[in-house]
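Order of the sequence lines fixes the chain letters, A, B, ..., with proteins taken first and strands second; residue numbering starts at 1 for each chain. Reckoned from all heavy atoms, side chains included, excluding hydrogens, waters and symmetry mates. Just so we're clear, the structure is a prediction, and the values are computed from it rather than from any experiment.
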There are 2 protein chains.
Amino acid sequence: MENLNEILSLDSKAKTRMVKKGEILQTEGSYSSLAFYVKKGLLRSYTIDEKGKEHIFMFASEGWLMADIESQEFDQPAELFIDCLEDSELVVFDRSCFKIATLTESQLKKNAHLLARRTAVLQRRVIMLMSASARKRYNRFLETYPELPDRVPQRMIASYLGVTPQALSTIRGKIARQK
Amino acid sequence: MENLNEILSLDSKAKTRMVKKGEILQTEGSYSSLAFYVKKGLLRSYTIDEKGKEHIFMFASEGWLMADIESQEFDQPAELFIDCLEDSELVVFDRSCFKIATLTESQLKKNAHLLARRTAVLQRRVIMLMSASARKRYNRFLETYPELPDRVPQRMIASYLGVTPQALSTIRGKIARQK
DNA sequence: CTCATTTGTTAATCTAGGTGAATGCTTTGT
DNA sequence: ACAAAGCATTCACCTAGATTAACAAATGAG
């Protein structure tokens with residue numbers, strides 16, 4: 001991820017803010033979407049389907065940027081909820097800060113890298129979801145985010161992987177037993 | 001989608017090229033990745049898993065840009081195959097044309113906008129794959145790409161949706177019968 | 001035109017993962 | 001400190017979709 005100084009240069013009005021575990025930073029359907037750079041702590045973004053079930057879209061720990069860039073760029077209401085999984089220290093950016101039309105050239109370049117990187121992550125995620133079993137997705141998750149399993153409740157890892165907590169528990173049991 | 005003139009302004013060296021149905025434009029692992037703007041015709045990008053099964057990542061018909069932006073951005077070998085589903089007329093861009101460092105401000109803005117749009121599509125796709133049944137995904141596909149069902153073989157639609165051709169056939173049978 | 005390949009359909013299994021419920025364990029709030 | 005809520009695990013089901021296979025229709029190459 002870009003370092004903090006580069007990120008900060010995107011918006012001189014950005015402010016540091018402390019948030020408590022459980023605090024909700026963005027609600028689906030809201031227009032006041034912001035972007036959050038995580039200095040310390042852990043965020044997640046997710047949707048809630050018509051049956052009330054949560055589907056975690058991504059996590060953001062130290063050094064990552066959490067934003068509903070898509071809804072910001074197209075001036076649509078937020079599609080995602082964003083909330084806080086640990087007491088965190090965030091740098092908060094105004095949504096205008098990611099509106100492409102308003103950015104300077106050097107900001108655009110940073111932004112383009114962030115976007116390209118994000119797109120690459122999503123591309124791999126789509127391919128995994130289409131082609132790999134729950135067990136393979138879990139193993140890939142462990143490789144990709146080695147620091148998260150100790151900080152994120154298992155039911156949320158399950159949600160990120162697109163399986164139930166029970167299924168993940170069974171997978172973990174099998175992996176542990178066969179070693 | 002941006003109109004052709006805007007796209008063309010990205011690269012004065014871009015050339016128009018006619019390609020035949022079945023022609024392969026990019027192979028997984030190759031470094032010579034290009035980008036293709038579709039003036040006429042239809043392309044697809046896909047991976048092949050360890051069992052030899054194809055997984056279609058996206059389609060691009062008239063007015064869309066097909067590119068393995070991810071591998072271009074990170075100078076990695078291509079992750080995707082790209083081939084041609086109909087005789088097509090394409091504008092071919094060199095990969096350098098999407099290397100961020102070399103672009104002008106107005107090109108960067110178009111590029112960023114294309115990426116944001118692509119990311120939004122992928123975001124919805126991930127959420128669909130995690131939370132919706134095959135039937136719902138098919139209905140969503142029909143709404144989103146109304147022109148494709150008549151041009152794309154069903155087995156490829158099935159591959160895009162992440163189900164087997166048999167499963168899609170059954171879904172279509174049920175939908176037709178219950179009307 | 002004709003034979004071969006690819007495509008779509010249907011049907012009979014099989015299985016990964018979902019659902020629901022019971023059991024302990026750990027957090028949380030007061 | 002205690003009750004209450006949330007969490008992970010296990011088990012007994014159930015169901016969506018995979019697999020395999022057979023067959024008919026469409027496509028295509030020589």
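At whole-Å resolution of the value, CD in B/Gln154 and C1' in C/dT9 are 9 Å apart. If you measure from atom CZ of B/Arg135 to atom P of D/dA16, you get 11 Å, rounded to the nearest angstrom. Between the NZ atom of B/Lys51 and the P atom of D/dA18 there is a distance of 11 Å, rounded to whole Å. Rounded to an integer number of Å, the gap from A/Arg172 CZ to D/dT10 P is 10 Å. If you take CG of B/Leu85 and C1' of D/dT27, they are 16 Å apart, rounded to a whole angstrom. Regarding A/Ile171, its CD1 atom lies at a distance of 16 Å from the P atom of D/dC11, rounded to whole Å. Per the geometry, CD belonging to B/Glu54 stands 12 Å off P belonging to C/dT6, to the nearest Å. Distance A/Lys174 NZ to D/dC11 C1': 13 Å, rounded to the nearest Å.
There is no side-chain donor-acceptor pair under 3.5 Å between A/Tyr160 and A/Arg44. For the residue pair A/Tyr46/A/Asp83, the side-chain donor-acceptor check at 3.5 Å is satisfied.
Side-chain atoms of A/Ser133 lie closest to C/dG17 of the nucleotides C/dG17, C/dT28, D/dT10. Listed candidates were C/dG18, C/dT19, D/dA18. Nearest to the side chain of B/Ala167 is D/dA18. Ranking C/dT19, C/dG8, C/dG17 by closeness to the A/Ala134 side chain, first place goes to C/dG17. Side-chain proximity of B/Val163 to C/dG8, D/dG28, D/dA18: nearest is D/dA18.
Nucleic acid contact for A/Gly22: none, since no nucleic acid atom lies under 4.0 Å from a heavy atom of the residue.
Close to C/dG18, at under 4.0 Å from its OP1 or OP2, lies a side-chain N or O of A/Thr164.
Side chain of A/Ser88 to backbone of A/Leu42: a donor-acceptor contact under 3.5 angstrom is found. For the pair A/Thr27 (side chain) and A/Ser30 (backbone), a donor-acceptor distance under 3.5 Å is absent.
Taking for each of B/Ala132 and B/Lys21 the nucleotide of DNA chain D with the nearest heavy atom, the 5'-most of the two is the partner of B/Ala132. With DNA chain C read from its 5' end, the first of the two nearest nucleotides for A/Lys53 and B/Pro153 is the one closest to B/Pro153.
For a distance-only test at 3.5 Å, the side chain of A/Gln166 fails to qualify as a donor-acceptor partner of the base of D/dT9.
The shortest side-chain heavy-atom distance between B/Arg135 and B/Ile175 falls under the 4.5 Å cut-off.
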